[in-house]
Protein chains: 2
Amino acid sequence: MSTFVVIGGDAAGMSAASKAKRDDPDLDVVVFEKGEWVSYGACGLPYYVKGEIQDIESLVSVTPEEFREERDIDLRTGHEVVAVDPEDRTVTARGPDGEVVQPYDDLLFATGAAAVTPPIDGLDREGVYTLGSMSDGKELREYVSRARSEGDLRQPDEGPACQFLGTCNGPVGVVGGGYIGVEMAEALAANDFEVHLFQRGDRVLKSFSEATSETVLDHLDEQDVLVHLGASVEALAGDDRVEAVVTSEERVPVDMVLVGTGVDPRTDLAEAAGVELGETGAIAADGYRETNLPDVYAAGDCAEATHVVTGEPAYVPLALTANRHGRAIGQTVAGTPTEGGGVAGTAAIKAFEMEAARTGILDHDAARDAGFDPITETITAKSRAGYYPEGGSVQVTMTVDRPSGQVLGGSLVSEYGEGAVHRSHALVGAVTEGVAVDEFSNYDLAYAPPFNTTWDPVLTAAKVVDGTR
Amino acid sequence: MSTFVVIGGDAAGMSAASKAKRDDPDLDVVVFEKGEWVSYGACGLPYYVKGEIQDIESLVSVTPEEFREERDIDLRTGHEVVAVDPEDRTVTARGPDGEVVQPYDDLLFATGAAAVTPPIDGLDREGVYTLGSMSDGKELREYVSRARSEGDLRQPDEGPACQFLGTCNGPVGVVGGGYIGVEMAEALAANDFEVHLFQRGDRVLKSFSEATSETVLDHLDEQDVLVHLGASVEALAGDDRVEAVVTSEERVPVDMVLVGTGVDPRTDLAEAAGVELGETGAIAADGYRETNLPDVYAAGDCAEATHVVTGEPAYVPLALTANRHGRAIGQTVAGTPTEGGGVAGTAAIKAFEMEAARTGILDHDAARDAGFDPITETITAKSRAGYYPEGGSVQVTMTVDRPSGQVLGGSLVSEYGEGAVHRSHALVGAVTEGVAVDEFSNYDLAYAPPFNTTWDPVLTAAKVVDGTR
């Protein structure tokens, strides 16, 4: 009987464990998870903090009991793996009853990622939060609920956002203008906080196109988020408790700060065991997600993957890849070698009343590094037939290789509900298959007046960028 | 100076005329249109009849005056072309001032399609409508408005739907359960008519998957449309005015009937000129949309096109293809030979509070004829993260070739707004590029909780059908 040991009980780990056990019920599957939560939807935390999701347990797709009882997986929560010995093929875990040594035949590192610690003074002050775990989410929700219920709302003359809101909570600071920063700005603003968002560079959502960033920035302004661009945050000042965000330019008083400046892969354990990291700093793995050590796999936010456009390693720690790679490893371990597929760097976000998605390579330097000669065009078009009673607009950016026309990347933004995100599916396919933009512009996409114009905006974008080649 | 003559002033004709003139301003572009309306969105007519669009003029994207004055196109409305002489390169048109003979260098047949005349007695009775033209739309809207304003609503005991509606108009009959039939059922039901829909076969929307048809049928039931399946309509009975729909099984009293049983290509003029038709009965054309006659092109609802999956001719008279082929011809005529691209048979529909789309080959006989060994699976999945406060479900059918895994077709249905139609974009790409389903299932599609589950339903469908190969 063979044993599959998984380190880390979130998306990648539990997908692998479940799939391996389902495909090969004779396999012993042991999962070590240092916390108490497994298989939870971290992507849902902003909506829990916002108050749209009442019960944090609902973010858990499968409970530990279900894994143990229904799926027959030996899930050991509260167990932190402290060492891996690839010679002896054992892992050592520390749990409530002391250390256990567990032999393995196949091993998966699914250790995830940790919030980046930016070089800012005062990160340890009270009132400074990150949003990487379920307990982070709980703490933040408690803060938000408390601030709302205390009833000491400020008056219209007590802060810029309060002028619009009538009364408001806060002010609060969000450091970082990526997914977490923007989603948390929404969550906090929805709870009547005056939100200051600090972004180091000159735009929010910098992995998206410049046009998308601009559109979302305008929308954040409309929603009374106070965005501080080019803000180099130096300190979170205060005594015990944070009282202000201090940048090189200004000092903004705040009651609370959420730091969302990205994540770093958790690789210490793997490195100590002799697992090689890639050039991105995350664990390197081949198409089957196997590391340099035989029968040792890596998936999820601790690992890098191959970019479908460049063919080079990329670190894009997102949920679908974790699930997909975990599932492929489970299938491999159960006897059917399965490749996990590459990443296109696809991402989606709801930002207040807008939605946006991006995929592929948009950055011209990155495209040139990969040997392309990129050109980019952006169009804005109606999201439905002009005469249809509902509708808004969709802005589409496409980046293509000038000589070949190969679609390299796309970025879309629309009002929420007007389809920027689902429309991006078309571009993911084109990016993945390396389709030329003139061929793409001839795609027979679905059309009916309640859903688009005769030429869907993605086709219009393709025609326009093709016309400039 | 060269002259480009276009016969027919709707989507294909005006796209070609506009593109040709824009790319080569020295070209003389002459368009003959027998009616008064040009470049109108026929797809919007059901929403005009429904009353959601107040002004029928809003369906016109560019007016005749704009074509003449801003685009410098010699547009002659009220001119019916009665003969084409390909030897002399002339067309003869009959207009308000008699006959004109117009020489051409390049010629486009964009004569469109006409409503099929099914073998039913009484089609000429008063109160029997089709929906092929703007004037059809006006007449229907007038009927609906009149019926509503006359105020002689029937009472709850006067008809089955009236029981649900309280009071209602009608009863009215819709013959045909395709796009027009279903869209018109919605338009009429929204105006409180008791609607009887008669469909010859055993399901509505028969170009979609059986699962989609079933789901839409259930929804029509919920919406109190009285669907008569397997109904062979023999006569529309009455004196001057229609009084009943008579099938082989029953006699259903109605005040009005809408016949929507598909369209046939208008090919008489082309045939008379020696233009060859294809096996579908529509005008045959090559990749550049050129017919057997040199410099004579065909596009839009009068012409067939090449199916991207089978490589065989197909007759799929829809708006995007007309626009795309027209545009390509305009570009070709202006000096840059441009292929128009194939068709995937993609279509979308809103049906009351649901939306559906289909693409590619779903029918197993058709797939086998094209040399494939088809298998089909259908899944139903949540349209957004389970914990997200909004959301519904998406049902996805995928048909693939068993040995190769090639994606042949897809069909999707969801609640309106839950993204079946925009999600179909992903499947159109896969169908067009001949992507294998296992590769497709590894696509890095956009994910965020407000838009889908971590595995978008199209990926789940791909995994499931791949698992049965």
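In what follows, chains carry the letters A, B, and so on, assigned in the order in which the sequence lines appear, proteins first and then strands, with residues in each chain numbered from 1.
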Problem - Top contributor to chain A interface from B:V431, B:T454, B:D55 [non-hydrogen pairs under 4.5 Å] - result: B:T454
Problem - Interatomic distance, A:H422 atom NE2 to B:L445 atom CG [nearest 0.5 angstrom] - result: 10.0 Å
Completion exercise
Honestly, the part of B:L320 sitting under 4.5 Å from a heavy atom of chain A is both
Handout entry: Qualifying salt bridge (charged side-chain N to carboxylate O under 4.0 Å, His left out) pairs with a residue from residues 412-421 of chain B, counting only residues at least two apart or across chains
Key = B:R384-B:E418
Practice task
Provide the closest heavy-atom pair for B:V421 versus A:A446 in the form atom of the first, atom of the second, distance.
Solution key: CG1-CB, 4.1 Å
Problem - Contact class of A:L318 relative to chain B, heavy atoms under 4.5 angstrom - result: neither
Practice task
May I ask you to list the residues in residues 350-360 of chain A that approach chain B closer than 4.5 angstrom, counting heavy atoms only, ordered by number?
Solution key: A:K350, A:E355, A:A357
Handout entry: Atom of B:A448, atom of A:A348 and distance for their closest heavy-atom approach
Key = CB-O, 3.5 Å
Practice task
Could you tell me which portion of A:L59 (side chain, backbone, both or neither) has an atom closer than 4.5 angstrom to a non-hydrogen atom of chain B?
Solution key: both
Practice task
For residues A:W455 and B:R327, determine if any side-chain heavy atom of one lies less than 4.5 Å from a side-chain heavy atom of the other.
Solution key: yes
Handout entry: Any B:R423 side-chain heavy atom under 4.5 Å of A:H425 side chain
Key = yes
Exercise for the section: Measure B:E390 against the heavy atoms of chain A and call it side chain, backbone, both or neither at under 4.5 Å. Expected result: side chain
Fill in the blank from the handout: Of B:A11, B:A319, B:G342, the largest count of non-hydrogen pairs under 4.5 angstrom with chain A goes to B:A319
Exercise for the section: Report, by ascending residue number, the residues of residues 434-441 of chain A in heavy-atom contact with chain B at a distance under 4.5 Å; give 'none' if the set is empty. Expected result: A:V435, A:E439, A:S441
Problem - Residue among B:I349, B:L459, B:T321 with most heavy-atom pairs under 4.5 Å to chain A - result: B:I349
Completion exercise
For B:P389 and A:I53 the tightest heavy-atom approach is CD-CG1, 4.4 Å
Problem - Interchain contact, A:D456 with chain B, by part (heavy-atom threshold 4.5 Å) - result: side chain
Completion exercise
So, the part of B:A385 with a heavy atom under 4.5 Å from chain A: the answer is neither
Which side-chain N or O atoms in residues 41-52 of chain A pair as donor and acceptor under 3.5 Å with protein atoms at least two apart or in another chain?
from, atom 1, to, atom 2, distance (Å)
A:K50, NZ, A:E52, OE2, 3.2
A:K50, NZ, A:E186, OE2, 2.6

Completion exercise
Cut-off 4.5 Å, heavy atoms of chain B, and the answer for A:A344 is both
Handout entry: Leading residue by heavy atom contact count with chain A [cutoff under 4.5 Å; candidates B:A430, B:S424, B:G386, B:G340]
Key = B:G340
Handout entry: Minimum side-chain heavy-atom gap A:D444-B:R324 below 4.5 Å
Key = yes
Handout entry: Contact summary for B:S58 and A:Y387, nearest pair of heavy atoms
Key = O-CB, 3.5 Å
